Amino acid sequence: MYPIEFHLEEKIQIVDEKARILENEKAKEVCVVITNERFFLFEDGNRKMDSKEVLRITRAISPLPSYEKLLEVELSFILKIEEGEYNKYILENGNYFYLESDTIYQYLKENQ
């Protein structure tokens, strides 16, 4: 499962395991988890490894995802979202990231 320490009364609202983030002009697949309080970005650590090595170790069985947290912010910390091929998510502190996920975009537009 996801490495999240939940707050009291916190629940997962939506998950997109096929979202893509732009990192140094390259797209990378990530997992987005939104709870009723926070926004998380995770990367599957298994995807960093050489695929031949993963198959050798697991004997061609699909390994369970090993999620590494890339980002954790309170939902209220997301100031706005600018539309584009990759939507630009602007945070309260001035930082931003580009994310491609219609599911997450629609959810945040309807629930923020």
Side-chain angles (χ1 to χ4, degrees):
M1 201 61 188
Y2 310 107
I4 298 173
E5 291 186 29
F6 291 99
H7 299 153
L8 193 62
E9 304 295 323
E10 185 175 22
K11 297 176 187 162
I12 291 176
Q13 301 296 313
I14 191 165
V15 174
D16 185 355
E17 293 185 339
K18 300 293 183 192
R20 298 173 64 79
I21 192 167
L22 274 182
E23 182 179 68
N24 299 325
E25 303 295 321
K26 288 188 173 184
K28 176 168 71 170
E29 196 168 285
V30 293
C31 175
V32 179
V33 177
I34 296 179
T35 70
N36 53 325
E37 298 177 14
R38 297 180 285 173
F39 178 100
F40 296 90
L41 278 177
F42 296 103
E43 177 180 22
D44 183 355
N46 292 335
R47 294 184 186 191
K48 292 181 183 179
M49 298 173 64
D50 178 18
S51 59
K52 290 179 184 176
E53 183 65 9
V54 170
L55 289 174
R56 184 188 70 76
I57 294 168
T58 62
R59 300 185 193 277
I61 298 171
S62 295
L64 292 174
S66 170
Y67 291 115
E68 297 174 11
K69 191 182 320 177
L70 298 175
L71 176 71
E72 172 186 343
V73 295
E74 299 290 325
L75 285 175
S76 61
F77 205 66
I78 299 173
L79 281 184
K80 66 180 181 176
I81 305 168
E82 294 179 358
E83 290 186 49
E85 181 181 349
Y86 283 80
N87 296 319
K88 183 178 182 179
Y89 291 73
I90 301 171
L91 305 178
E92 199 172 86
N93 63 3
N95 289 334
Y96 59 89
F97 58 92
Y98 291 96
L99 182 71
E100 179 187 56
S101 172
D102 292 335
T103 306
I104 299 302
Y105 175 73
Q106 288 301 325
Y107 178 82
L108 288 175
K109 279 295 195 186
E110 293 170 5
N111 295 289
Q112 267 197 320

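Computed from a prediction, not measured in an experiment: that's the story for all the values here. Reckoned from all heavy atoms, side chains included, excluding hydrogens, waters and symmetry mates. Throughout, residue positions are numbered sequentially from 1 according to the sequence presented.
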| field | Lys69 charged N/C atom sitting above Phe42 aromatic ring, 6.0 Å / 45° | value | no

| query | Roughly how far, to the nearest 0.5 Å, is the CD atom of Glu72 from the CZ atom of Phe40? | reply | 4.0 Å

| Would Leu108 end up clustered with Phe77 when hydrophobic side chains under 4.5 Å apart are linked, directly or stepwise? | yes

| said: In this structure, is the centre-to-centre distance between the rings of Tyr107 and Tyr105 below 6.0 Å? | reply: no

| Side chain proximity check, Leu71 to Phe39, heavy atoms < 4.5 angstrom | yes

| field | Salt bridge present between Lys26 and Glu23 (N-O < 4.0 angstrom) | value | no

| Within-4.5 Å side-chain heavy-atom neighbours: Asn87 and Ile104 | no

| query | Would Leu41 end up clustered with Ile81 when hydrophobic side chains under 4.5 Å apart are linked, directly or stepwise? | reply | yes

| note | Rounded to the nearest 0.5 Å, the CD atom of Glu37 sits from the NZ atom of Lys11 at a distance of 11.0 Å

| field | Closest contact, heavy atoms only, Cys31 versus Val15 | value | SG-CG1, 4.0 Å

| Carboxylate-amine/guanidinium proximity below 4.0 Å for Glu82 and Lys80 | yes

| Is Leu99 reachable from Leu79 through a run of hydrophobic residues whose side-chain heavy atoms are each under 4.5 Å from the next? | no

| said: Assigning hydrophobic clusters by single linkage (Ile, Leu, Val, Met, Phe, Trp, Tyr; side-chain heavy-atom cutoff under 4.5 Å), is Phe97 placed with Leu22? | reply: no

| task | Test Thr35 against every option in Glu10, His7, Glu9 by the side chain to side chain donor-acceptor pair (under 3.5 Å) rule and name the one that passes. | result | Glu10

| message | Is there a path of hydrophobic side-chain contacts, each under 4.5 Å between heavy atoms, that joins Leu70 and Ile14? | response | yes

| Within the distance-only criterion (no hydrogens, no angle test), does the side chain of Asp16 pair as donor or acceptor with the backbone N or O of Val32 below 3.5 angstrom? | no

| said: What's the separation between atom CG in Leu91 and atom CD1 in Ile78, rounded to the nearest 0.5 Å? | reply: 6.5 Å

| note | Here the pair of heavy atoms bringing Ser101 nearest to Tyr89 is O-OH, 4.4 Å

| Does the Asn111 side chain pair with the main chain of Asn36, one donor and one acceptor, at a distance under 3.5 Å? | no

| Within 6.0 Å of CG in Asp102, more than 12 heavy atoms from elsewhere | no

| pair Lys18-Glu29: side-chain heavy atoms closer than 4.5 Å | yes

| message | Please find the pair of heavy atoms, one from Ala27 and one from Arg20, that lie closest to each other, and give the distance. | response | CB-NH2, 3.0 Å

